[in-house]
*Asks:* 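The structure under discussion is supplied below as structure tokens; questions concerning it will follow.
Since the structure is predicted, the reported quantities are computational estimates derived from the model, not experimental observations.
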Amino acid sequence: MISLPLVYTILALIAYTTAFWYLFMSLMSKREPNHWFLGLILALGLILHAGVLSQDMLTPMGINYDVFNLMSFTSGLMLVLSLIFSTFRPTLALNLIGIPVAAMGLILGFVFSQPNQFMEQHSLGLDLHIILSLSAYAVLLMATIHSILMWFQNQELKKKQKSRFWVNLLPSFQAMESLLFDLLRTGFVLLTVALLFGFFTIDDFFGQHLAHKTAFSIISWFIYGALLLGHAKFGWRGEKAIRFTLIGFILLAIGFIGSKFVLEMILHR
């Protein structure tokens with residue numbers, strides 16, 4: 001018998017695929033895509049994506065924090081944020097990355113999620129801390145992908161190549177850089193609030209295997225904070241901003257995804 005989450009997953013993937021090809025063909029033919037049509041199709045895909053997540057994550061025992069559910073949640077949130085930012089920045093083309101990332105996260109969550117990953121200690125404050133942490137992670141992951149695209153774009157501009165794939169496909173480097181710092185500011189605020197919630201809601205950092213996550217998150221917070229301060233005071237930008245963004249996220253990913261993957265998939269805790 002076909003389950004409702006499977007139907008939602010298939011329909012969401014159809015919506016994502018339709019939106020991707022419509023946007024891709026519009027950009028390749030130098031036509032301005034219909035923003036309302038694109039937004040409607042992606043909104044439908046995201047609603048269906050949320051329907052699958054609600055079946056997997058929201059249970060009578062609490063929220064299921066399986067690592068693949070978290071990947072699905074994060075990828076969907078990234079696409080939501082990508083759409084929001086593209087409404088006031090000329091960065092609609094970046095949804096060509098956000099759409100397949102959301103589709104892949106949806107597939108991983110549906111296929112591989114485990115039904116029994118619940119926390120022993122459960123509270124509203126702890127749930128808020130986790131949701132805020134995931135939101136910060138999604139925004140900063142977007143900033144990291146964005147910085148990698150900027151690096152490719154910058155290399156083409158420096159070398160003055162005749163064939164400029166990234167320069168032609170992406171918005172101007174100035175627009176990309178403005179969006180990068182929009183993402184970094186948003187992610188930094190979310191990470192700050194998430195850390196504050198964590199300090200007030202988590203009782204035993206060592207017993208709950210959270211000491212290493214917290215340490216890596218705090219180091220990453222300092223790196224992002226230093227970059228934003230350097231940008232505001234000294235005009236840091238370009239390759240320096242790209243390097244700081246990459247280093248900050250690598251540390252955050254080691255603390256968050258790396259440790260969770262080891263605990264669940266290898267140590268089975």
*Asks:* Given the rule that I, L, V, M, F, W and Y join up when any side-chain heavy atoms are under 4.5 Å apart, are Phe222 and Val139 in one cluster?
*Replies:* yes
*Asks:* Are Glu156 and Phe152 packed together at the side-chain level, in the sense that at least one heavy-atom pair is separated by less than 4.5 angstrom?
*Replies:* no
*Asks:* Kindly compute the distance separating CG (Leu134) from CG (Leu141), expressed to the nearest 0.5 Å.
*Replies:* 11.5 Å
*Asks:* Count I, L, V, M, F, W, Y as connected when their side-chain heavy atoms are under 4.5 Å apart, and connections chain through other members. Are Ile148 and Phe173 then in the same cluster?
*Replies:* yes
*Asks:* More than 12 heavy atoms of other residues, nucleotides or ligands under 6.0 Å from CZ of Arg89: yes or no?
*Replies:* yes
*Asks:* Do Phe68 and Asp56 touch side chain to side chain, with heavy atoms closer than 4.5 Å?
*Replies:* no
*Asks:* With sequence neighbours excluded, tell me which residues meet ring-ring contact (aromatic ring centres under 6.0 Å, His included) with Tyr8.
*Replies:* none
*Asks:* Can you check whether Leu252 reaches Leu191 side chain to side chain, under 4.5 Å on heavy atoms?
*Replies:* yes
*Asks:* Same hydrophobic cluster for Trp36 and Leu46, using side-chain heavy-atom links shorter than 4.5 Å among ILVMFWY?
*Replies:* no
*Asks:* Kindly list each side-chain donor-acceptor pair under 3.5 angstrom involving residues 228-236, sequence neighbours excluded, with atom names and distances?
*Replies:*
residue: His231; atom: ND1; partner: Trp236; partner atom: O; Å: 2.7

*Asks:* To the nearest 0.5 angstrom, please state how far the CE atom of Met150 sits from the CG atom of Leu157.
*Replies:* 10.5 Å
*Asks:* Return the minimal non-hydrogen interatomic distance between Leu77 and Ala138, and the atom names on each side.
*Replies:* CD2-CB, 3.8 Å
*Asks:* Testing the basics here: between Met142 and Met78, what is the closest heavy-atom pair and its distance to 0.1 Å?
*Replies:* SD-O, 3.4 Å
*Asks:* Looking only at the aromatic ring of each residue, does the gap between the centers of Phe249 and Tyr137 stay below 6.0 angstrom?
*Replies:* yes
*Asks:* Determine whether Ile107 and Leu13 make a side-chain contact, defined as any pair of heavy atoms from C-beta on separated by less than 4.5 Å.
*Replies:* yes
*Asks:* How long is the span from the CG atom in Leu94 to the OG atom in Ser86, to the nearest 0.5 Å?
*Replies:* 8.5 Å
*Asks:* Do Ile10 and Val52 share a hydrophobic cluster (ILVMFWY, side-chain heavy atoms under 4.5 Å, transitive)?
*Replies:* yes
*Asks:* Parallel, tilted or perpendicular for Phe188 and Trp221, by the 30°/60° rule?
*Replies:* parallel
*Asks:* Would a single hydrophobic cluster contain both Leu48 and Phe37, if residues Ile, Leu, Val, Met, Phe, Trp and Tyr are joined by side-chain heavy-atom contacts under 4.5 Å?
*Replies:* yes
*Asks:* Indicate the ring-plane relationship of Phe24 and Phe20, choosing parallel, tilted or perpendicular according to the 30° and 60° boundaries.
*Replies:* parallel
*Asks:* Work out which heavy atom in Ile41 is nearest to a heavy atom in Ala19; give both atom names and the distance.
*Replies:* CG2-CB, 3.8 Å
*Asks:* Within the distance-only criterion (no hydrogens, no angle test), does the side chain of Thr74 pair as donor or acceptor with the backbone N or O of Met71 below 3.5 angstrom?
*Replies:* no
*Asks:* For a quick test of reading the model, state the closest non-hydrogen atom pair linking Pro33 to Leu23 and the distance between them.
*Replies:* CG-CD1, 3.9 Å
*Asks:* Any idea which heavy atoms bring Leu106 and Ala12 closest together, and the distance?
*Replies:* CD2-CB, 3.6 Å
*Asks:* OG/Ser220 to CG/Leu195 distance, rounded to the nearest 0.5 angstrom?
*Replies:* 9.0 Å
*Asks:* How far does NE2 of His35 sit from CG of Leu42, to the nearest 0.5 angstrom?
*Replies:* 12.0 Å
*Asks:* Between Phe244 and Leu184, is any pair of side-chain heavy atoms under 4.5 Å apart?
*Replies:* no
*Asks:* Write down the atom of Phe197, the atom of Leu128, and the distance for their closest heavy-atom approach.
*Replies:* CE2-CD1, 3.9 Å
*Asks:* Report yes or no: does His49 contribute a side-chain atom to a donor-acceptor pair with the main-chain N or O of Ser72 at less than 3.5 Å?
*Replies:* yes
*Asks:* Show the atom names and distances, to 0.1 Å, of all donor-acceptor pairs under 3.5 Å that link a side chain in residues 95-102 to residues at least two apart or in another chain.
*Replies:*
residue: Asn95; atom: OD1; partner: Ser82; partner atom: OG; Å: 2.7
residue: Asn95; atom: ND2; partner: Leu92; partner atom: O; Å: 3.1

*Asks:* Within this structure, what is the CD-CH2 distance for the pair Gln155 and Trp151, rounded to the nearest 0.5 Å?
*Replies:* 4.5 Å
